[in-house]
Amino acid sequence: MMEPSVSVRRDVAQVAAVPALSLHHVTVHYRQHEALHDISATINVGEQVAIVGPNGAGKSTLLKAIAGLQPVSSGTIFYFGADRITPNEIAYVPQRLQIDWRFPVSVIDVVLMGRVGRIGLFRRPSRHDRLLAQRALERVGLAAFANRQIGQLSGGQQQRVFLARALAQEARLLLMDEPLVGLDIPSQDEIFRALVTLRQEGVTVLTALHDLQQAARYFDRVMLLNRTLIAFAPAREAFTAANLVATYGGHLHLLSSGDGLLTVADSCCNPSLDNTL
Amino acid sequence: MIDVLTAPLNYAFMQRGLIAALLVGTVCAVVGVYVVLRGMAFLGDALAHTILPGIAVGYLVNGANRGALFWWALGAAIISSLSIGVVSRAARIREDTAIGIVFAAMFALGVALISTVRNSAVDLSHFLFGNILGVSEHDLWRIALFGTVVIAAIVLFYKELMVVTFDPVLAATLRLPVQAFDLLLLILLAIAIVVAIQTVGVALTLAVLVTPPATAALFTHRMHSMMIMAALLAMLAGVVGLYASYYFSIASGAAIVLVSTLMFILAWAGSRLLRRNS
């Protein structure tokens, strides 16, 4: 399947000595209880990682901690070797429910928002900024929609606007919280095609996901998370029966498919009820 | 026919009232775009009411000096907007509940203070319902000055305020000072409200903040065009309302708000028709 290309890419990534992201014994408290316990992991530059786990496992909390939106109780996070974020280098795509889609902004307005930090106070977007925004839209296949109001787009197109915004921001690390929730299959495919574009740009991607098959199919490595990090490896190694039971506990339906890969249906809960800040 | 339009302009108080309506309409409509987009309508209404104790204290200390009353009112509005945040965080209650508590307490305090002054009924109604025809030249200068400050701040911080309003999470990851911009918006809102009190009064301020932007939102999908259109609609409502007030002897603030509401209803019906035909 995807295996050969995956291993080649990891070899390439290992040449680049400094990892994109390195978590050292990270513990995070959310509303007084421990949401994440002692997470350690290293993610290489350009790698695309899926975070999977049941509702309440701390997927959103982990992304928010990495984005600096949620304080870390103990441990350290290193970004490209530095122990603090360079603000413009990290892009965070929020859950769809958190966006007001009737807001009076056009697609290009939203993409240009990614440049706000680089433009600086009291300045207007330059031609360079507009060019970057336009090019970012072209790369996710939305150039023709630049002047539409964001509410007029389909769910998949809306999500790609945010990917374009991350490109325009020239972010090196992209965090996405359940980007596929509420999208139909063609729209989900659009997102995965856009992820290929991000790979060409060398952007490191961390995505919270619900679907284990998609995690296995489209991502270099998967994190199995349930308050602690249960496994962090390519899907083929990570998705063992023991790891899946440790992650999902009772909410689990194991099915053995032909190629020996276990598939799982998470029987629990509506993803939109996932814990959000 | 021309006489109908020019006759009221023979009166200096009508000239001043018209200028005040144009200025206040513009400032409130532009700030009101944020009120509509951020869902702050209740806060806007509450802030307008919390100004009352400021005006009452100002009245007790400085008498009817309008300039002094303006500062007292502005102080009360800013203190209320800050204390709402503090109460909400400290008492761990929802923000709208905190707004309710602060708003009711401040308004009651205002009524209590005013009730200690004899013959207060007339003055109180001025603040509750405004008196745009009583605007002095001094008032006009003050409205123009503060209106300019508000508009200038919005132009200068336009893109930051847009990000903070549309996607606070992006603002936080870009390390924009989100709280500072939220505070700036509260202060701009407080200034717009104090400016509006003069023309439409405490009770109707919310309408000049919310109705023109809501009308503009029916027709535009860019924030800056929503601001410009809201300002134009507010100015039109101000002028038409004042003429209606002159010819039909209606209270000026109420006339402006009713014209503005009528424009919203027509615009809404028009946009429905447009959508059905397209």
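A note on names: the letters A, B, ... follow the listed sequences, proteins ahead of strands, and every chain is numbered from 1.
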Do Ile85(A) and Arg175(B) pass the side chain to side chain contact (heavy atoms under 4.5 Å, CB included) test, and can you show the C-alpha distance, the side-chain angles, and the key distance before you say yes or no? CA-CA 10 Å; Ile85(A) 314 175; Arg175(B) 294 295 180 276; 3.3 Å; yes
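Ion pair Lys159(B)/Asp129(A) not flagged as a salt bridge, since none of the NZ, NE, NH1 or NH2 atoms sits closer than 4.0 Å to an Asp/Glu carboxylate oxygen.
Both the backbone and the side chain of Met223(B) come within less than 4.5 Å of a heavy atom of chain A. Contacts of Val93(A) with chain B are absent, with no heavy-atom separation under 4.5 Å from either backbone or side chain. The contact between Ile99(A) and chain B is made entirely by side chain atoms (from C-beta outward), counting heavy-atom distances below 4.5 Å. In this structure, chain B has no heavy atom under 4.5 Å from any part of Glu89(A). At a 4.5 Å heavy-atom cutoff, Arg102(A) makes no contact with chain B through either its backbone or its side chain. For Ile150(A), the part sitting under 4.5 Å from any heavy atom of chain B is the side chain, from C-beta outward, and nothing else.
With values rounded to the nearest 0.5 angstrom, Leu170(B) atom CG is found 4.0 Å from Arg165(A) atom CZ. A distance of 11.0 Å separates CG of Leu174(B) from CZ of Arg115(A), quoted to the nearest 0.5 Å. Taking NE2 from His221(B) and OG from Ser106(A), the interatomic distance works out to 6.5 Å, rounded to the nearest 0.5 Å. Here the CG atom belonging to Asp109(A) is positioned 6.5 Å from the NE2 atom belonging to His224(B), to the nearest 0.5 angstrom.
Environment of CD in Gln152(A): crowded, with over 12 heavy atoms of neighbouring residues, nucleotides or ligands closer than 6.0 Å. Atom CH2 of Trp101(A) has more than 12 neighbouring heavy atoms from other residues, nucleotides or ligands inside a 6.0 Å radius.
Taking chain B as the reference chain and counting heavy-atom pairs below 4.5 Å, the highest number among Val116(A), Val110(A), Ile90(A) is found for Val116(A). Counting heavy-atom pairs closer than 4.5 Å to chain A, the top residue among Leu176(B), Val155(B), Thr165(B) is Thr165(B).
Classified by interplanar angle (parallel below 30°, tilted 30° to 60°, perpendicular above 60°), the ring pair Phe157(B)/Phe122(A) is tilted.
A 4.5 Å side-chain heavy-atom check between Phe103(A) and Asp167(B) finds every atom pair outside the cut-off.
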